[in-house]
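Just below is one structure, and these are the notes that go with it.
Residues: numbered from 1 along the sequence shown.
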Amino acid sequence: KKKLNVIGYIVVASIFIFLIIRSYIEIKQLEKNHRFTIGRIIKIEPVSGAGINALFIYYVKGKKYSGSYSVPDRIRKRVGRRFYVMFNPDNPDSCKLLFNKPVPQRIKEAPPEGWVEIPKYKKKRKIRY
């Protein structure tokens with residue numbers, strides 16, 4: 001019976017280690033090979049003991065993708081807002097919400113395959129008379 005318990009712990013630990021390694025590899029691949037598109041936050045969910053997650057959607061080559069990303073509490077009021085999303089063009093499911101980079105209103109949509117870099121824009125200056 002003790003052997004079965006030890007084997008069970010080893011299996012659970014192995015799965016946990018595998019998931020951590022897979023996540024690390026996915027992050028490194030995303031840092032090396034990425035493009036940018038526009039994502040919209042559709043829901044904020046609390047995660048027990050881990051803060052809150054923003055659920056978001058984005059499109060790559062006309063196909064809809066969704067993701068979730070751990071965000072600070074101040075994002076709670078940003079449901080419906082648009083932010084840039086970094087995604088891997090070889091695996092668009094691999095993504096990261098850039099919650100500190102909102103998309104300006106004047107940018108209506110992203111190219112189907114995304115941008116190589118986040119578009120730069122100049123803020124319009126108010127003319128004072």
Side-chain angles (χ1 to χ4, degrees):
K1 198 169 186 179
K2 283 186 179 184
K3 268 190 174 182
L4 287 178
N5 280 345
V6 170
I7 291 172
Y9 287 129
I10 290 172
V11 168
V12 169
S14 298
I15 292 170
F16 186 69
I17 290 169
F18 169 77
L19 292 174
I20 290 171
I21 291 170
R22 190 178 91 186
S23 177
Y24 176 79
I25 290 169
E26 194 173 280
I27 290 167
K28 287 298 176 188
Q29 287 175 340
L30 184 59
E31 288 174 359
K32 265 194 233 178
N33 183 23
H34 60 265
R35 294 182 76 87
F36 299 94
T37 191
I38 298 171
R40 181 177 304 276
I41 295 178
I42 57 170
K43 189 175 182 183
I44 299 291
E45 290 185 334
V47 178
S48 61
I52 59 173
N53 269 351
L55 304 176
F56 59 96
I57 58 170
Y58 59 102
Y59 292 85
V60 177
K61 295 181 182 175
K63 185 175 177 192
K64 182 179 179 178
Y65 292 89
S66 62
S68 68
Y69 199 75
S70 181
V71 294
D73 194 49
R74 64 184 162 83
I75 300 298
R76 227 179 249 282
K77 297 176 184 171
R78 308 270 168 103
V79 173
R81 297 238 179 120
R82 302 178 321 145
F83 295 86
Y84 289 106
V85 173
M86 178 191 297
F87 70 93
N88 183 333
D90 298 330
N91 177 17
D93 282 314
S94 176
C95 65
K96 177 180 179 181
L97 176 68
L98 304 176
F99 62 84
N100 59 343
K101 298 217 181 272
V103 176
Q105 286 183 344
R106 63 166 147 284
I107 296 179
K108 300 301 179 199
E109 62 184 41
E113 63 284 338
W115 291 287
V116 173
E117 59 184 39
I118 292 175
K120 301 205 183 333
Y121 66 95
K122 292 182 180 177
K123 289 184 178 179
K124 289 185 178 178
R125 296 176 122 195
K126 290 184 179 179
I127 300 173
R128 296 183 185 200
Y129 296 99

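- The line from CD1 of Ile15 to CD1 of Ile20 is 12.5 Å long, rounded to the nearest 0.5 Å.
- Taking the ring pair (Phe, Tyr, Trp, His ring centres under 6.0 Å) definition, one finds that Tyr69 meets it with nothing, sequence neighbours left out.
- Side-chain contact check for Tyr65 versus Val60: some heavy-atom pair is nearer than 4.5 Å.
- In terms of heavy-atom proximity, Ser94 sits nearest to Glu26 at OG-CG, 3.3 Å.
- When all heavy atoms are compared, the tightest approach of Leu30 to Asn88 is CD1-N, 3.4 Å.
- Proximity of a side-chain donor or acceptor of Ser14 to a complementary backbone N or O of Ile10 within less than 3.5 Å is detected.
- Here the shortest heavy-atom pairing between Gly67 and Cys95 reads CA-SG, 4.4 Å.
- For the atom pair NZ of Lys77 and CD1 of Ile44, the computed distance is 12.5 Å after rounding to the nearest 0.5 Å.
- Here Lys43 pairs with Glu45 in a salt bridge; the nearest charged N to carboxylate O distance falls below 4.0 Å.
- Taking the side chain as every heavy atom from C-beta outward, Phe36 and Leu98 approach each other to under 4.5 Å.
- Residues Glu109 and Tyr59 are not in side-chain contact: their nearest non-hydrogen atoms beyond the backbone lie 4.5 Å or more apart.
- Tyr58 places no side-chain N or O within donor-acceptor distance of the main-chain N or O of Met86, the cut-off being under 3.5 Å.
- If you chain together hydrophobic residues whose side chains sit under 4.5 Å apart, Val11 and Phe18 fall into the same group.
- In terms of hydrophobic clustering, with Ile, Leu, Val, Met, Phe, Trp and Tyr side chains grouped at heavy-atom distances under 4.5 Å, Leu55 and Leu97 are assigned to different clusters.
- Annotation: the span from Ile52 atom CD1 to Ser68 atom OG amounts to 12.0 Å, rounded to 0.5 Å.
- Counting all heavy atoms, side chain and backbone alike, Glu117 lies closest to Lys120 at OE2-NZ, 4.2 Å.
- Atoms OG1 and CZ, on Thr37 and Arg82 in that order, are 10.0 Å from each other to the nearest 0.5 Å.
- Rounded to the nearest 0.5 Å, atoms CD (Gln29) and CG (Asp90) are 8.5 Å apart.
- Between Ile107 and Trp115, the closest heavy-atom pair is CG2-CH2, 3.8 Å.
- With contacts defined as side-chain heavy-atom distances shorter than 4.5 Å, the pair Val85/Lys96 does not qualify.
- Across Pro102 and Tyr84, no two heavy atoms sit closer than the pair O-CE1, 3.8 Å.
- When the side-chain contact (heavy atoms from CB on, under 4.5 Å) test is applied to Arg35, the partners found at least two apart in sequence or on another chain are Phe87, Pro89, Glu113, Val116.
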Checklist entry - Please walk me through it: do Arg78 and Phe83 pass side-chain contact (heavy atoms from CB on, under 4.5 Å)? => result CA-CA 10 Å; Arg78 308 270 168 103; Phe83 295 86; 4.1 Å; yes

